[in-house]
Amino acid sequence: MIIKFLPKKAALLFVILIIFSSLSSIISSLIPGFYKQIMDQGIITGNIRSVMKFLFAIVLFSLLNSTIKIFNNLSINRMGLYVSQGLKENVIKKVFHSPLNFFDKVSNGELIQRIRETDAISGVFNPQLLSIIVSFGTCILAIFKVHFIDDRFLVIYLIAFPLLMFVSYQFSKKYKNLTYENVRLNTKLSQLVHESITGINEVKSNNLLDAKQFDINHLNDKIYQKTKKQNTLYAFHMELISMINLAVSISITIVFFVLFQNEHITIGQYIEITQYSSMILAPAQLVSSIVSVFQPLIILLKRLKFFDITAQQDDCSGEEIGMIEKIEYKNVSFAYHENEALSHLDFHVAKNDKVLISGQNGAGKTTMIKLLLRLYDNYKGEILFNGMNSKSCSLKSIRNEIAVVFQDTFLFDGSLYDNIICGSQEVSKDEVIKAMEQSGFMRNKKDIKPDELLKLPIVEGGSNLSGGQKRMIAIARALVKKPSVLVLDEPTTFLDNDSRKTILTFIKEAENMIIIVISHDTEMEDIIKKRIYLEKP
């Protein structure tokens, strides 16, 4: 999955990083040999030229190694941003193009948290990852170097290496469980906070502030306790690693003492081997680091399967329908999670028809409209546009031709103008003002210049507006689309008497479109003669 979101330039950069990391391993494996020469050929023999020559070599190689590491570290961080950006864009695209039954199964808080988790992917591509890669190369080279000095030292590493691996593995296993639990708790916390803020009116009016705060604090405390366990576990692990390293150093010193007495080894070689020890044991010690780097990635990738929707995805494939002049429902049935909402619905409407949909609450009136927009595709029967099955039509073309004002109006953070045009660059200001007049929004705004009114700031959700104002803005938003089908779900709800009459007049006089109205308003029956009554399945 990671490679899938890795841009080509980042993939090339990764290859370069591997090459440079290999070069860094070679340089690191050479430096201990220079210290050996300084001791054996310089300090012991009193040859200052030899000391200076190898010191210069150490400085030169160290500077070269540092330059490589700086380049690698900057490049690996850049790669992390590339991957994180690509992954997040793909996940958001999946979410935006998912059918409504996906959103029916997950809360907004959990969805936001899971999208936010994609940022963690960039943390995997860090200098520590390069250290892990370099350590394996350096370890192999160091083993060869020690082999040529004396194989007996390798016995110490053969004992220490699996011991370090075992300790690190046990640590990583416990650390993994704590990490997963923390991710789960943070998701739950995000969900609870989002839910409490979204429903702040209900929280305050029902005296739930203390209860919600208690729940949030309780989750925070759990996260704190889990994090504290992680930190304690890490501290014990590092000390245990230090003790094993100390045992290795003592063992090497004892073996060196025996060999030195028999003149099989030099002091310079002892210094060389002690430096190689850290290189040979590094991969075993880094098992815990590998886990700390890759464990969040593994958990993230598992959690990203959450977005692998098997249901129909929104796309733009299919036939273009153009202007809709006829709609037919043929034996349409639909159920939400096995709860039937529509049963064997049959009706048709044509251009210039106006139809009133009424019925009991829960009879499927709004569901019928959602199926019309293909917000759900898992229904039985057929819905036809101009004789074509809606499932063979382009979703984009369907939604371009159908404008819907839902009963629950949602407005976006921005200006009044932005909320009405909804990103369309083809709508003029005059058309927006006309739509606002038709919806009744301009009725009491004659003392305000239209250009100033269009700049009116709207808070996300329209919380700074009345229910009636939100409804009229939603109707204006629908009208500027110049749809061939206009669907109004309880259009007169929340409106005062004058605004209500404006909407009724518009519905009565509107031409050249199909109008579908869901309403319990008795006056609608006077202006719409064609009616469909839905009963609960």
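The neighbour count for Y35 OH, taken as heavy atoms of other residues, nucleotides or ligands under 6.0 Å away, does not exceed 12. In this structure, N217 places its CG atom where more than 12 heavy-atom neighbours from other residues, nucleotides or ligands lie under 6.0 Å away.
In this structure, S50 has no side chain to side chain donor-acceptor pair (under 3.5 Å) partners at least two apart in sequence or on a different chain. With sequence neighbours excluded, the residues forming a side chain to side chain contact (heavy atoms under 4.5 Å, CB included) with N378 are N101, F334, Y376, listed by chain and number. Partners of S24 under the side chain to side chain donor-acceptor pair (under 3.5 Å) rule, at least two apart in sequence or in another chain, are N65. Scored by the side chain to side chain donor-acceptor pair (under 3.5 Å) test, Y157 finds S277 as partners (sequence neighbours excluded). For A403, the side chain to side chain contact (heavy atoms under 4.5 Å, CB included) partners two or more places apart in sequence, or in a different chain, are A478, K481, P483, L486. Contacts of F410 classified as ring-ring contact (aromatic ring centres under 6.0 Å, His included), with partners at least two apart in sequence or in another chain: F412. Considering only residues two or more places apart in sequence or on other chains, I159 meets the side chain to side chain contact (heavy atoms under 4.5 Å, CB included) condition with V155. Applying the side chain to side chain donor-acceptor pair (under 3.5 Å) rule to E181 yields the partners R184; only residues at least two apart in sequence or on another chain are considered. Contacts of K470 classified as side chain to side chain contact (heavy atoms under 4.5 Å, CB included), with partners at least two apart in sequence or in another chain: T409, L411, L465.
Residue pairs meeting the salt bridge (Lys or Arg N to Asp or Glu O under 4.0 Å) criterion with at least one partner in residues 150-161, sequence neighbours excluded, are D150-R152. Residue pairs that meet the salt bridge (Lys or Arg N to Asp or Glu O under 4.0 Å) test with at least one member in residues 227-254, sequence neighbours left out, do not exist here.
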Show me the donor-acceptor pairs within less than 3.5 Å that the side chains of residues 251-261 make with the rest of the protein, sequence neighbours left out.
from	atom 1	to	atom 2	distance (Å)
S251	OG	A247	O	2.8
T253	OG1	S249	O	2.8
T253	OG1	Y270	OH	2.9

